[in-house]
Amino acid sequence: MDIATFENSFLNLPSPLEEIYGPLWQDQQIRLFLKRDDLIHQTVSGNKWRKLKEYIQIAQDNPKKGIISFGGAYSNHLYALAYVCHQLKIPSIGIVRGDELNESSNPYLKQIHQWGMKLHFLDRKAYQKKEVHSIDNMNDYWVIPEGGYSNFGISGIREIVLEIENKISSDYIISAVGTGTTVIGLAKYSSSNIVGILCLNNKIEIQNHLQDLSLDLPNLILKEDYVQGKYAKSNPALDAFCENFKAQHQIAIEPTYTGKMMLGVYDLLKKKYFPTGSTLICIHTGGVK
Ligand SMILES: Cc1ncc(COP(=O)(O)O)c(C=O)c1O
């Protein structure tokens, strides 16, 4: 199956743009929209397809032995990649952080394995250095960096910008930040202000990425006040926020990425950060499993 057939048969693209309502922003004459990339597909949800698409295209056009990528035990990225490779019949290997794990350590790894992705488990030190001795020649494969971070990943984000611009003109586009691929792509291809809500303490890493890529993006604003401790660690207030948001808007968000983003947006709205009359687009990058 080629990419166009996969998109047409399986994916809900362009993803919907939905306005949500609440006095916190309506009192400031602010309009707030969610770009529902979480509705693109149950498994290839959120920003995953955007970041993977160009790699998959390259792997299909110039076949190697397959695709290799990296992730933690609950990686949304590996999960989506395994599914896409299964559908498109591309051999895939996942390098997983943690040599104490195996193919049945959790339901996600089990499912990934069932989709045919071969899993290699590395201890944390080797994983950090990406030292994979169990694979003879990595150059025989297309290697996608952890989380889809790369120029190809960044360039895939352009489609989100085009889909938004086709519908509405925005003052701010807001997204959760992990590797930074999504916000860098948004800032590169959009002339709106891009607000990235950091979900882990990696601002310096993102700034280094920008330097490495020789990208000067004055429209990219990174907010580091909403990390709330460690990556992927929730707390009762954040959990309650996610639950209340779902009850009010019938849209599920989760504490690792989109919950932190929306909490950040609500806080910025309370602080009157956005000028009166602004139009805000928050990217729902998925992650609700
Ligand atoms: C659900 C979700 N939202 C946001 C992000 C952050 O995206 P990025 O790594 O492009 O910064 C990720 C990580 O890929 C994610 O899984």
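Note that ligands are numbered from 1 as they come in the structure, with each ligand's atoms numbered from 1 the same way. Source: prediction; values computed, not measured.
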Nearest-contact summary for [atom] - protein heavy atom, Å:
atom	value
atom 6 (C) of ligand 1	Gly178 N, 3.3 Å
atom 10 (O) of ligand 1	Thr182 OG1, 2.7 Å
atom 4 (C) of ligand 1	Thr285 OG1, 3.2 Å
atom 12 (C) of ligand 1	Tyr257 CZ, 3.4 Å
atom 9 (O) of ligand 1	Thr179 OG1, 2.6 Å

Correct closest heavy-atom pair for Ser170 and Ile281 would be CB-CG1, 3.5 Å

Would you name the heavy atoms of Ile157 and Thr182 that are closest together and state the gap between them?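 Scanning both residues completely, I find the closest heavy atoms to be CG2-O, 3.6 Å.
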
For [X], atoms of ligand 1 separated by under 4.0 Å from a heavy atom:
X	value
Gly287	1 (C)
Gly180	8 (P), 9 (O), 11 (O)
Val177	11 (O)
Asn76	1 (C), 15 (C), 16 (O)

May I ask whether Gly286 places a heavy atom under 4.0 Å from ligand 1?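 Gly286 counts as a contact of ligand 1 under the 4.0 Å cut-off.
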
Verify same cluster id: Val195, Leu263 (apolar side-chain graph, 4.5 Å): yes

Mind checking whether Phe274 and Trp25 have side chains closer than 4.5 Å, heavy atoms only? no

Ring centres of Phe241 and Tyr266 under 6.0 Å apart? yes

Is the ring centre of Phe6 less than 6.0 Å from the ring centre of Trp49? yes

Regarding [X] and [Y], does a basic nitrogen lie under 4.0 Å from an acidic carboxylate oxygen?
X	Y	answer
Arg158	Glu54	no
Glu18	Lys35	no
Lys125	Asp123	no

Under 4.0 Å, heavy-atom basis, I'd like to know which part of [X] is in contact with ligand 1: side chain, backbone, both or neither.
X	answer
Lys51	side chain
Lys48	side chain
Asn47	side chain

